[in-house]
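Just below is one structure, and these are the notes that go with it.
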Amino acid sequence: MEICLHICPSWSAPLLSSSSVISGIYVGDGMVIHYTGAAGQEIVTGTFVNENFSISSSPWRNSSPVCERCGDDQSRQNGVITSCLDCFLAGFNLCLFRYSVTPAFFVAQARGGTCTLAVSDPPEVILYRARYLLGNNGFGTYSLFNNNCEDFAMYCKTGLLVDTSSSGATGSGQISSLAAAITVVASSSLGFLATGGGGLVVAGAMYSISRYLSDISIRWDVIRIPVETLVAQLRMGNPGAAS
């Protein structure tokens, strides 16, 4: 498999069912660098179409304690870590996160966290960022909503980071997708959207537009920051850098 791919476990094959928010960078030799919080912080999110927004712990967090390849108890680690591909996937299928997709392709996806309009940097740059962050355990405090593993993988691929001191919001496609879906459902419940076929069309358009505007290549609160600067700012306690 090609190095520097942004990958994630596909916890369920159908497009319109739940999928993992766990993301990582494949660095070759069967190993993945990824970012994780304490045990149980990763979640599964459903989709807007079936409105099945369940939350649960990641299955690999509760798997067998020590992997001979990884050499440590994966369930006890946090921060930027390295795992073998088997531990990372935990028996699920491999899903490839796509970059440089067209706007039409992006809005056609029923859920977020699968692609972005942003352009990926060259493999050597991606690998350098991922290894630098691994060596310095430098991506700040894990937060599901504003600093998670998808944010980490997208930063490694693009060098782009959401300035949470300005907006407090994540660049994560799946969390943004969830927020967009909740907004649409709330609007419908409050009577802001008409019922029937017309209402469904408007709801779908609202959802797609909200997802599009939250993409890391579009939004206004995104900064490009060198990895050395990012780690230095985090060490100084800068709340705006991967907080």
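Note that the structure is predicted; figures quoted are calculated from it, not measured.
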Problem set entry | Residues H6, I25; criterion side-chain contact (heavy atoms from CB on, under 4.5 Å); working and verdict | CA-CA 5 Å; H6 176 171; I25 301 296; 4.3 Å; yes
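- Between the NE2 atom in H34 and the OH atom in Y26 there is a gap of 13.5 Å [rounded to 0.5 Å].
- Here the side chains of Y142 and N148 are in contact, with some heavy-atom distance below 4.5 Å.
- Residues S120 and S100 approach most closely at N-OG, 4.2 Å, considering heavy atoms.
- Taking the side chain as every heavy atom from C-beta outward, N147 and T141 never approach each other to under 4.5 Å.
- Separating the CG atom in L89 from the SG atom in C95 is a distance of 10.0 Å, to the nearest 0.5 Å.
- Listed by first and then second residue, the salt bridge (charged side-chain N to carboxylate O under 4.0 Å, His left out) pairs involving residues 25-34 are D29-R69 (not counting sequence neighbours).
- Here the CG atom belonging to L160 is positioned 9.0 Å from the OH atom belonging to Y155, to the nearest 0.5 angstrom.
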Exercise. Does the pair F106 and C115 meet the rule for a side-chain contact (heavy atoms from CB on, under 4.5 Å), with working shown?
Worked result: CA-CA 7 Å; F106 183 87; C115 60; 3.8 Å; yes
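- In this structure, CD on E150 lies 9.0 Å from CD1 on I216, to the nearest 0.5 angstrom.
- In this structure a side-chain-to-backbone donor-acceptor pair under 3.5 Å is missing from K157 to L5.
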Exercise. Run the side-chain contact (heavy atoms from CB on, under 4.5 Å) check on L85 and I7 step by step: do they pass?
Worked result: CA-CA 10 Å; L85 191 58; I7 60 174; 3.7 Å; yes
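- A donor and an acceptor atom, one from each side chain of D151 and Y35, are nowhere located under 3.5 Å apart.
- Taking CG from L117 and CZ from R98, the interatomic distance works out to 11.5 Å, rounded to the nearest 0.5 Å.
- Under the 4.5 Å side-chain heavy-atom criterion for grouping Ile, Leu, Val, Met, Phe, Trp and Tyr, F105 is not connected to V119 through any hydrophobic cluster.
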Problem set entry | Worked check of side-chain contact (heavy atoms from CB on, under 4.5 Å) between L133 and L230 | CA-CA 9 Å; L133 292 172; L230 172 62; 4.2 Å; yes
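- Residues passing the ring-ring contact (aromatic ring centres under 6.0 Å, His included) test with Y128 are Y132, sequence neighbours excluded.
- Both M31 and V80 belong to a single network of hydrophobic side chains, linked directly or stepwise wherever heavy atoms of I, L, V, M, F, W or Y lie under 4.5 Å apart.
- A salt bridge (charged side-chain N to carboxylate O under 4.0 Å, His left out) check over residues 125-144, counting only residues at least two apart or in different chains, returns the pairs D121-R129.
- Proximity of I22 to C8: side-chain heavy atoms (C-beta onward) are nowhere separated by under 4.5 Å.
- In this structure, L134 and V27 have side chains that are not in contact, with every pair of non-hydrogen atoms separated by 4.5 Å or more.
- Taken together through direct or relayed side-chain contacts under 4.5 Å among Ile, Leu, Val, Met, Phe, Trp and Tyr, L96 and L94 form part of one hydrophobic cluster.
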